Novice: 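Take a look at this one; I'll ask things after.
Everything numeric in this text was worked out from a predicted model, so none of it was measured. Counting convention: from 1, in listed order, for ligands and their atoms alike. What you see below is based on every heavy atom in this structure, not just the backbone, and it leaves out hydrogens, waters and symmetry mates.
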Amino acid sequence: MPSSVTVIGEPDGRYYASFVVQREPEPLPACDREVGVDLGLTSLVVTSDGEVVANPRFYRAAQRRLRRAQRVLSCRQKGSANRAKARQRVAVVHRKVRDARLDHAHKTALRLVRDNQAVYAEDLTVSGLMRTRLAKSVADASWSQLLRCIAEKAARYGRTFAKVGRFEPTSQMCSACGVKDGPKPLGVRQWTCAACGTVHDRDVNAARNILALGRRERLNACGTGVRPPLEVAAGAEAGTRRSAA
Ligand SMILES: [Zn+2]
(Lines give C-alpha, C1' and ligand atoms only; values in the text may rest on other atoms or scores of the structure.)
Protein backbone atom coordinates (compact mmCIF):
# COMPACT_ATOMS: atom_id res chain seq x y z
CA MET A 1 0.00 0.00 0.00
CA PRO A 2 1.28 3.46 -0.84
CA SER A 3 1.85 5.53 2.28
CA SER A 4 1.15 8.83 0.52
CA VAL A 5 -0.08 10.16 -2.78
CA THR A 6 0.85 13.52 -4.24
CA VAL A 7 -0.76 14.97 -7.33
CA ILE A 8 1.59 17.13 -9.36
CA GLY A 9 0.55 19.43 -12.18
CA GLU A 10 3.37 19.68 -14.72
CA PRO A 11 3.94 22.58 -17.13
CA ASP A 12 3.32 20.24 -20.06
CA GLY A 13 -0.34 20.21 -19.02
CA ARG A 14 -0.33 16.71 -17.55
CA TYR A 15 -1.13 15.68 -14.02
CA TYR A 16 0.83 13.00 -12.24
CA ALA A 17 0.04 11.01 -9.14
CA SER A 18 3.19 10.33 -7.16
CA PHE A 19 3.20 7.40 -4.72
CA VAL A 20 5.62 6.52 -2.00
CA VAL A 21 5.80 2.76 -1.75
CA GLN A 22 7.93 0.65 0.55
CA ARG A 23 9.22 -2.28 -1.43
CA GLU A 24 10.50 -5.46 0.12
CA PRO A 25 13.98 -6.45 -1.01
CA GLU A 26 13.96 -9.34 -3.48
CA PRO A 27 17.48 -10.76 -3.31
CA LEU A 28 18.63 -12.48 -6.48
CA PRO A 29 20.67 -15.69 -6.31
CA ALA A 30 24.32 -14.83 -5.69
CA CYS A 31 26.68 -14.80 -8.64
CA ASP A 32 30.44 -14.35 -8.74
CA ARG A 33 30.76 -11.72 -11.44
CA GLU A 34 31.75 -8.17 -10.62
CA VAL A 35 31.97 -5.21 -12.93
CA GLY A 36 33.62 -1.79 -13.11
CA VAL A 37 31.83 0.96 -14.96
CA ASP A 38 33.48 3.90 -16.70
CA LEU A 39 31.14 6.82 -17.34
CA GLY A 40 31.64 8.24 -20.78
CA LEU A 41 30.75 11.09 -23.03
CA THR A 42 30.50 9.43 -26.41
CA SER A 43 28.88 6.38 -24.87
CA LEU A 44 26.98 6.41 -21.58
CA VAL A 45 29.13 3.72 -19.97
CA VAL A 46 31.83 1.24 -20.85
CA THR A 47 32.24 -1.79 -18.58
CA SER A 48 35.33 -3.71 -17.51
CA ASP A 49 33.95 -6.59 -19.59
CA GLY A 50 34.25 -4.41 -22.66
CA GLU A 51 30.54 -3.79 -23.03
CA VAL A 52 29.62 -0.40 -24.47
CA VAL A 53 26.27 1.11 -23.51
CA ALA A 54 25.48 3.89 -25.95
CA ASN A 55 23.57 6.98 -25.06
CA PRO A 56 19.95 6.59 -26.12
CA ARG A 57 19.71 7.21 -29.82
CA PHE A 58 16.78 9.62 -29.59
CA TYR A 59 18.89 11.96 -27.59
CA ARG A 60 20.48 14.25 -30.08
CA ALA A 61 17.33 14.59 -32.16
CA ALA A 62 15.31 15.38 -29.07
CA GLN A 63 17.77 18.06 -28.06
CA ARG A 64 17.52 19.64 -31.46
CA ARG A 65 13.74 19.68 -31.10
CA LEU A 66 14.12 21.20 -27.67
CA ARG A 67 16.37 23.98 -28.92
CA ARG A 68 13.98 24.74 -31.74
CA ALA A 69 11.01 24.87 -29.37
CA GLN A 70 12.94 27.18 -27.06
CA ARG A 71 13.79 29.48 -29.95
CA VAL A 72 10.15 29.69 -30.94
CA LEU A 73 9.21 30.45 -27.36
CA SER A 74 11.74 33.25 -27.06
CA CYS A 75 10.30 35.20 -29.99
CA ARG A 76 6.64 34.92 -29.00
CA GLN A 77 5.11 38.02 -27.53
CA LYS A 78 4.73 38.04 -23.76
CA GLY A 79 1.21 37.31 -22.53
CA SER A 80 0.04 36.07 -25.92
CA ALA A 81 -1.81 32.82 -26.48
CA ASN A 82 0.91 31.74 -28.88
CA ARG A 83 3.50 32.17 -26.16
CA ALA A 84 1.52 29.94 -23.82
CA LYS A 85 1.32 27.34 -26.56
CA ALA A 86 5.04 27.58 -27.24
CA ARG A 87 5.80 27.21 -23.54
CA GLN A 88 3.76 24.06 -23.37
CA ARG A 89 5.55 22.71 -26.42
CA VAL A 90 8.92 23.21 -24.68
CA ALA A 91 7.59 21.43 -21.60
CA VAL A 92 6.36 18.49 -23.69
CA VAL A 93 9.73 18.03 -25.40
CA HIS A 94 11.44 18.31 -21.99
CA ARG A 95 9.22 15.57 -20.63
CA LYS A 96 9.93 13.27 -23.54
CA VAL A 97 13.67 13.68 -23.13
CA ARG A 98 13.40 13.13 -19.39
CA ASP A 99 11.20 10.05 -19.65
CA ALA A 100 13.29 8.41 -22.31
CA ARG A 101 16.50 9.07 -20.38
CA LEU A 102 15.04 7.64 -17.19
CA ASP A 103 13.78 4.56 -19.01
CA HIS A 104 17.21 3.99 -20.52
CA ALA A 105 18.87 4.44 -17.12
CA HIS A 106 16.53 1.90 -15.49
CA LYS A 107 17.15 -0.69 -18.18
CA THR A 108 20.92 -0.23 -18.12
CA ALA A 109 21.01 -0.33 -14.31
CA LEU A 110 18.85 -3.44 -14.12
CA ARG A 111 21.09 -5.32 -16.52
CA LEU A 112 24.28 -4.37 -14.66
CA VAL A 113 22.82 -5.26 -11.26
CA ARG A 114 21.25 -8.51 -12.41
CA ASP A 115 24.38 -9.79 -14.13
CA ASN A 116 26.86 -8.84 -11.41
CA GLN A 117 27.19 -9.38 -7.68
CA ALA A 118 28.95 -6.03 -7.34
CA VAL A 119 28.98 -2.91 -9.49
CA TYR A 120 31.66 -0.28 -9.05
CA ALA A 121 31.56 3.19 -10.57
CA GLU A 122 33.34 6.47 -10.17
CA ASP A 123 32.21 8.83 -7.46
CA LEU A 124 31.10 11.81 -9.53
CA THR A 125 31.70 14.27 -6.73
CA VAL A 126 35.43 13.61 -6.84
CA SER A 127 35.72 12.59 -10.45
CA GLY A 128 37.98 14.63 -12.66
CA LEU A 129 35.10 14.94 -15.08
CA MET A 130 33.21 17.12 -12.64
CA ARG A 131 35.84 19.77 -12.79
CA THR A 132 35.43 20.34 -16.49
CA ARG A 133 32.83 22.41 -18.22
CA LEU A 134 31.21 19.18 -19.31
CA ALA A 135 29.92 18.79 -15.78
CA LYS A 136 27.15 21.23 -16.53
CA SER A 137 26.12 19.34 -19.59
CA VAL A 138 23.41 16.75 -19.94
CA ALA A 139 26.00 14.02 -19.60
CA ASP A 140 26.31 14.80 -15.92
CA ALA A 141 22.56 14.53 -15.35
CA SER A 142 22.50 11.18 -17.16
CA TRP A 143 25.37 9.82 -15.07
CA SER A 144 23.87 10.83 -11.73
CA GLN A 145 20.56 9.36 -12.74
CA LEU A 146 22.15 6.11 -13.83
CA LEU A 147 24.13 5.83 -10.58
CA ARG A 148 20.95 6.45 -8.56
CA CYS A 149 19.16 3.71 -10.50
CA ILE A 150 22.03 1.28 -9.93
CA ALA A 151 22.07 2.06 -6.20
CA GLU A 152 18.31 1.51 -5.91
CA LYS A 153 18.34 -1.75 -7.76
CA ALA A 154 21.41 -3.05 -5.95
CA ALA A 155 19.67 -2.44 -2.62
CA ARG A 156 16.53 -4.13 -3.84
CA TYR A 157 18.17 -7.19 -5.34
CA GLY A 158 20.77 -7.75 -2.64
CA ARG A 159 23.76 -6.70 -4.73
CA THR A 160 26.66 -4.43 -3.89
CA PHE A 161 27.09 -1.02 -5.41
CA ALA A 162 30.10 1.06 -4.45
CA LYS A 163 31.46 4.35 -5.69
CA VAL A 164 35.17 4.57 -6.15
CA GLY A 165 37.00 7.83 -5.55
CA ARG A 166 38.91 8.67 -8.65
CA PHE A 167 42.16 9.51 -6.96
CA GLU A 168 44.09 7.34 -9.31
CA PRO A 169 44.12 8.53 -12.90
CA THR A 170 42.16 5.50 -14.10
CA SER A 171 42.73 6.29 -17.73
CA GLN A 172 46.53 6.58 -17.33
CA MET A 173 47.21 3.47 -15.31
CA CYS A 174 47.74 0.12 -17.01
CA SER A 175 45.12 -2.25 -15.63
CA ALA A 176 47.35 -5.22 -16.46
CA CYS A 177 50.59 -4.24 -14.67
CA GLY A 178 49.71 -1.13 -12.66
CA VAL A 179 52.27 1.16 -14.27
CA LYS A 180 51.28 4.76 -14.75
CA ASP A 181 51.80 5.38 -18.41
CA GLY A 182 51.34 9.15 -18.37
CA PRO A 183 48.53 11.46 -19.43
CA LYS A 184 46.39 10.48 -22.39
CA PRO A 185 44.61 13.27 -24.23
CA LEU A 186 40.89 12.54 -24.72
CA GLY A 187 41.48 11.85 -28.38
CA VAL A 188 43.65 8.82 -27.59
CA ARG A 189 41.21 5.92 -27.68
CA GLN A 190 43.76 3.14 -27.66
CA TRP A 191 47.26 2.83 -26.26
CA THR A 192 49.97 0.30 -25.61
CA CYS A 193 51.52 0.03 -22.16
CA ALA A 194 55.22 0.82 -22.44
CA ALA A 195 55.99 -1.48 -19.51
CA CYS A 196 54.08 -4.68 -20.32
CA GLY A 197 53.00 -4.20 -23.92
CA THR A 198 49.28 -4.68 -23.29
CA VAL A 199 47.12 -2.90 -25.84
CA HIS A 200 44.29 -1.03 -24.11
CA ASP A 201 41.02 0.46 -25.14
CA ARG A 202 41.02 3.67 -23.14
CA ASP A 203 37.56 3.27 -21.58
CA VAL A 204 37.73 -0.47 -20.94
CA ASN A 205 41.10 0.01 -19.22
CA ALA A 206 39.60 2.76 -17.03
CA ALA A 207 36.66 0.49 -16.16
CA ARG A 208 39.06 -2.31 -15.20
CA ASN A 209 40.96 0.05 -12.93
CA ILE A 210 37.67 1.09 -11.33
CA LEU A 211 36.82 -2.57 -10.79
CA ALA A 212 40.20 -3.20 -9.14
CA LEU A 213 39.92 -0.10 -6.94
CA GLY A 214 36.37 -1.02 -5.94
CA ARG A 215 37.36 -4.57 -5.01
CA ARG A 216 40.29 -3.35 -2.99
CA GLU A 217 38.24 -0.81 -1.08
CA ARG A 218 35.61 -3.43 -0.42
CA LEU A 219 38.15 -5.92 0.90
CA ASN A 220 39.69 -3.25 3.11
CA ALA A 221 36.26 -2.32 4.41
CA CYS A 222 35.68 -5.97 5.30
CA GLY A 223 38.79 -5.78 7.45
CA THR A 224 40.49 -8.71 5.77
CA GLY A 225 43.53 -6.62 5.02
CA VAL A 226 44.04 -8.64 1.86
CA ARG A 227 45.31 -6.60 -1.02
CA PRO A 228 46.49 -7.66 -4.40
CA PRO A 229 50.29 -7.25 -4.10
CA LEU A 230 50.60 -5.14 -7.25
CA GLU A 231 48.37 -2.45 -5.91
CA VAL A 232 49.68 -1.89 -2.39
CA ALA A 233 51.48 1.32 -3.29
CA ALA A 234 48.52 2.79 -5.14
CA GLY A 235 46.24 1.90 -2.23
CA ALA A 236 48.40 3.69 0.32
CA GLU A 237 48.45 6.78 -1.84
CA ALA A 238 44.71 6.74 -2.38
CA GLY A 239 44.21 6.41 1.37
CA THR A 240 46.34 9.42 2.15
CA ARG A 241 44.63 11.62 -0.36
CA ARG A 242 41.22 10.53 0.74
CA SER A 243 41.86 11.52 4.34
CA ALA A 244 43.19 14.87 3.17
CA ALA A 245 40.08 15.58 1.14
ZN1 LIG B 1 51.22 -2.53 -18.37
Novice: So, does Ser43 use its side chain to make a donor-acceptor pair with the main chain of Ala54 at under 3.5 Å?
Specialist: no
Novice: Whether the side chain of Asp12 engages the backbone of Arg14 through a donor-acceptor N/O pair (distance < 3.5 Å, no angle test) should be reported.
Specialist: yes
Novice: Would you list the protein N, O or S atoms within less than 2.8 Å of the Zn ion (ligand 1), leaving out water?
Specialist: Cys174 SG, Cys177 SG, Cys193 SG, Cys196 SG
Novice: Other members of the hydrophobic cluster containing Val188, with the 4.5 Å side-chain heavy-atom rule, please.
Specialist: Trp191
Novice: Taking Val113's backbone N and O only, do any of them form a donor-acceptor pair with Arg159's side chain (distance below 3.5 Å, no angle check)?
Specialist: yes
Novice: Using links of under 4.5 Å between side-chain heavy atoms of ILVMFWY residues, direct or through other members, which residues join Val7 in one cluster?
Specialist: Tyr15
Novice: What residues join Val52 in its hydrophobic cluster, counting side-chain heavy atom gaps under 4.5 Å, either direct or through other members?
Specialist: Val46, Val204
